[in-house]
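Each chain gets a letter, A, B and so on, in the order the sequences are listed, and its residues count up from 1. This structure is a prediction, so every number in the text was calculated from the model and none was measured.
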Amino acid sequence: MKSTVLAPTTLIAWFDRTGRDLPWRHPETTGWGVLVSEIMLQQTPVVRVQPIWQDWMQRWPKPSSLAEATAADVLRAWGKLGYPRRALRLHAAAAAIAKNHGDVVPSDVDTLLALPGIGAYTARAVAAFAYGRRAPVVDTNVRRVVARAVHGSAEAGPPSTTRDLADVDTLLPEEDARAARYSAALMELGALVCTARNPTCVDCPVRVDCAWQQAGKPAYAGPTRPTQRFAGTDRQVRGLLLDVLRGASGPVERAKLDLVWQHDGQRDRCLDSLLVDGLAEQTEDGLFALPGES
DNA sequence: CAACCGTGGTT
DNA sequence: TAACCAAGGTT
């Protein structure tokens with residue numbers, strides 16, 4: 001007897017009723033719009049992404065439009081969304097799509113996986129949400145929902161792409177469009193109800209069948225990952241340096257960058273890593289700038 | 001697989 | 001207030 005928890009009919013009905021009206025979910029949004037949203041949403045909250053996404057769609061409505069922009073313009077438009085390498089990879093993906101895919105975002109998972117910045121999650125999210133394909137879409141929300149509702153555990157264990165995909169695949173309905181809708185519903189449930197902290201189980205549409213609920217909502221017993229520091233790390237220093245370059249109208253002197261961090265060794269190392277990553281450039285006369293603006 | 005890669009709001 | 005959290009990907 002197959003478990004009825006996370007039943008498609010229940011979840012999709014809940015999603016129809018409760019799902020957020022996000023612009024990249026509108027029917028007229030292209031595959032390109034969906035892809036841009038998915039990249040921006042990697043590790044970044046919806047509220048911060050939405051205005052930037054609107055701006056990008058107006059400015060760069062097709063992959064080829066973005067491909068024609070300079071990296072400097074792309075990084076400035078990315079603003080403070082964080083992890084600016086995502087912007088660079090999206091820029092590169094746009095160029096590849098324009099050149100090799102007729103300026104249309106691919107719908108095939110393996111083709112998407114071959115593009116820079118697109119991994120197991122994003123490839124399937126685009127296939128499902130932009131093209132209505134049946135594909136297991138596994139993000140942190142889905143992992144948490146499945147851990148609780150199916151396995152009765154408060155948190156998902158350590159991620160394993162292969163296992164997680166197979167796990168979610170068994171839950172997906174057969175028909176493509178329905179499976180895609182179901183995937184969106186699963187993510188939305190994790191984002192709105194089955195949240196990491198203080199899940200609102202009273203609002204949950206699958207509460208009666210939830211294994212975690214039935215077990216009395218036991219606390220997580222498995223291994224915990226050490227929390228990532230930020231203050232004092234290279235990540236912070238790189239962010240400070242890049243913020244100076246973004247805020248400048250053109251190339252700046254090294255002295256200007258020296259002001260943001262007092263430890264010379266770390267600062268120099270970070271500036272060098274930005275150059276290596278293609279997030280910054282040094283001009284012929286020794287100034288520093290965003291790539292492509294000199 | 002673990003470490004690394006930004007940023008800002010919430011608890 | 002330090003820790004946690006937010007639609008991950010790459011090395």
Donor-acceptor contact present, side-chain A:T29 to main-chain A:G33, <3.5 Å: no

Sugar-phosphate, base or nothing in reach of A:Q236, heavy atoms under 4.0 Å: nothing

Strand-adjacent residues in residues 237-256 of chain A, judged by heavy atoms under 4.0 Å from DNA chain B: A:R238, A:G239, A:R246

Single hit among A:L274, A:D268, A:V276 for side-chain contact (heavy atoms from CB on, under 4.5 Å) with A:D272: A:V276

Residues touching DNA chain C, which here means a heavy atom under 4.0 Å, drawn from residues 177-203 of chain A: A:M187, A:A191, A:A196, A:R197

Close residues, residues 37-59 of chain A, relative to DNA chain B [heavy-atom separation under 4.0 Å]: A:Q43, A:T44, A:R48

Within residues 32-66 of chain A or reaching into it, pairs that qualify as ring pair (Phe, Tyr, Trp, His ring centres under 6.0 Å) - sequence neighbours excluded: A:W24-A:W53, A:W56-A:W60, A:W56-A:W78

Sugar-phosphate, base or nothing in reach of A:L22, heavy atoms under 4.0 Å: base

Candidates A:D277, A:D243, A:T233 - the one meeting side chain to side chain donor-acceptor pair (under 3.5 Å) with A:R238: A:D277

5' precedence on DNA chain B between A:Y83 and A:R225 (nearest-nucleotide basis): A:R225

Touch class at under 4.0 angstrom, heavy-atom based, for A:W24 against every strand present: base

Sugar-phosphate only, base, or nothing, as touched by A:P159 at under 4.0 Å among non-hydrogen atoms: sugar-phosphate

Spacing of A:R89 atom CZ and A:T122 atom OG1 [to the nearest 0.5 Å]: 11.0 Å

Whole-angstrom distance between B:dG6 and C:dT11, as gauged at atom P: 14 Å

Nearest-nucleotide comparison on DNA chain B, the residue closer to the 5′ end among A:P84 and A:P158: A:P158

Distance-minimising heavy-atom pair for A:L112 and A:P106: CD2-O, 3.4 Å

Span that lies between the P atom of B:dA3 and that of C:dA7, in whole angstrom: 23 Å

Expected output: side-chain A:D164 to main-chain A:S160 donor-acceptor under 3.5 Å: yes

Residues A:E188, A:R20: salt bridge by 4.0 Å N-O rule: yes

Between C:dT1 (C1') and A:F230 (CZ): distance, integer Å: 17 Å

Boundaries of the chain A footprint along DNA chain B (any atom under 4.0 Å from a heavy atom): B:dC1 to B:dT11

Toward the 5' end of DNA chain C, by each residue's nearest nucleotide, A:R229 or A:G119: A:R229

Donor-acceptor side-chain pairing of A:Y121 and A:Q42 below 3.5 angstrom: no

Sugar-phosphate, base or nothing in reach of A:T122, heavy atoms under 4.0 Å: sugar-phosphate

Sidechain N-carboxylate O distance under 4.0 Å for A:E293, A:R76: yes

Contiguous pairing runs of three or more, Watson-Crick or G-U under 3.5 Å, that involve DNA chain C: B:2-5 with C:8-11, B:7-11 with C:2-6

Phosphate contact (C:dA6 OP1 or OP2) by A:R144 side-chain N/O below 4.0 Å: yes

Sugar-phosphate, base or nothing in reach of A:D234, heavy atoms under 4.0 Å: sugar-phosphate

